[in-house]
Amino acid sequence: MNVKLFMSAALAAVPSLSAAPASAVETLKEVGALACVNDKWDEKEIEKGHKLVDYAGRCVRIPDDPAEARDTADCDGKYEYLPDETWKGSGTCTWNIKGGDKQYEVWEENSQLKDYPYKWTGGTGKFQGAKGSGTYTYENLTDTLADGRYKGTIELQ
């Protein structure tokens with residue numbers, strides 16, 4: 001199992017947001033730390049050196065501003081490892097915001113990137129119609145635990 005790669009999906013997850021209600025379009029900057037755990041890494045070798053992986057994990061985002069709430073996410077995705085040692089992955093995260101709203105994220109990764117991109121695709125409540133994007137990094141601490149950083153923006157309608 002490639003430990004560095006399985007945590008990237010979980011860490012794809014990002015930001016914490018201001019609690020101010022949106023009017024028209026409100027753009028918020030997101031920056032902070034991530035802590036993630038890998039719950040599932042189901043790796044199947046379909047031929048020598050060619051592997052497919054089903055991933056699931058959970059994350060906590062910890063904003064740099066201590067006044068902002070910490071949120072949790074449930075993430076899942078798929079990875080493909082090729083015999084030439086390149087890989088790619090993609091998936092989704094659902095962020096569970098304190099107060100009951102949800103925020104939806106998609107991510108894509110590949111072995112040629114240092115910072116992994118994410119995009120916001122909406123949510124519920126205050127996050128309905130939300131858009132935005134950013135990047136994250138991470139470091140594996142064990143086979144199942146990782147930490148990282150995120151930065152980006154979100155536009156609330």
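Looking only at atom types and distance, the side chain of Tyr81 has no donor-acceptor partner in the side chain of Glu43 under 3.5 Å away. Under 3.5 Å, the side chains of Trp87 and Glu80 contain no donor-acceptor pair of N or O atoms.
For Ala35 against Ile62, the heavy-atom pair with the smallest separation is CB-CD1, 4.5 Å. Looking at every heavy atom in both residues, Gln157 comes nearest to Val25 through OE1-CG2, 3.9 Å. The minimum heavy-atom distance between Pro63 and Ala69, with the atom names listed, is CG-O, 3.6 Å.
Partners of Thr124 under the side-chain contact (heavy atoms from CB on, under 4.5 Å) rule, at least two apart in sequence or in another chain, are Asp101, Lys102, Tyr104. Residues passing the salt bridge (charged side-chain N to carboxylate O under 4.0 Å, His left out) test with Asp84: none are found, sequence neighbours excluded. Partners of Asp65 by salt bridge (charged side-chain N to carboxylate O under 4.0 Å, His left out), not counting sequence neighbours: none found. Take Thr72 and apply the side-chain contact (heavy atoms from CB on, under 4.5 Å) test, not counting sequence neighbours, and it matches Val60, Asn96. The side chain to side chain donor-acceptor pair (under 3.5 Å) check on Asn110 picks up nothing, with sequence neighbours excluded. Take Lys78 and apply the salt bridge (charged side-chain N to carboxylate O under 4.0 Å, His left out) test, not counting sequence neighbours, and it matches Asp54.
Partner of Arg58 under the salt bridge (charged side-chain N to carboxylate O under 4.0 Å, His left out) criterion, chosen from Asp39, Asp76, Asp74: Asp39. Each of Lys114, Lys151, Arg149 was scored for a side chain to side chain contact (heavy atoms under 4.5 Å, CB included) with Thr135, with one residue passing: Lys151.
Within the 6.0 Å centre-distance limit, the rings of Tyr79 and Trp41 are counted as a close aromatic pair. Aromatic rings of Tyr138 and Tyr116 (six-membered ring for Trp) have centroids within the 6.0 Å cut-off, being under it.
The environment of Glu45 atom CD is dense: over 12 non-hydrogen atoms of other residues, nucleotides or ligands sit within 6.0 angstrom.
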Subject >> Derivation of the side-chain contact (heavy atoms from CB on, under 4.5 Å) call for Tyr55 and Asp42 >> reply: CA-CA 7 Å; Tyr55 158 81; Asp42 185 13; over 6 Å; no
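If you check the gamma sulfurs of Cys59 and Cys36, they are less than 2.5 Å from each other.
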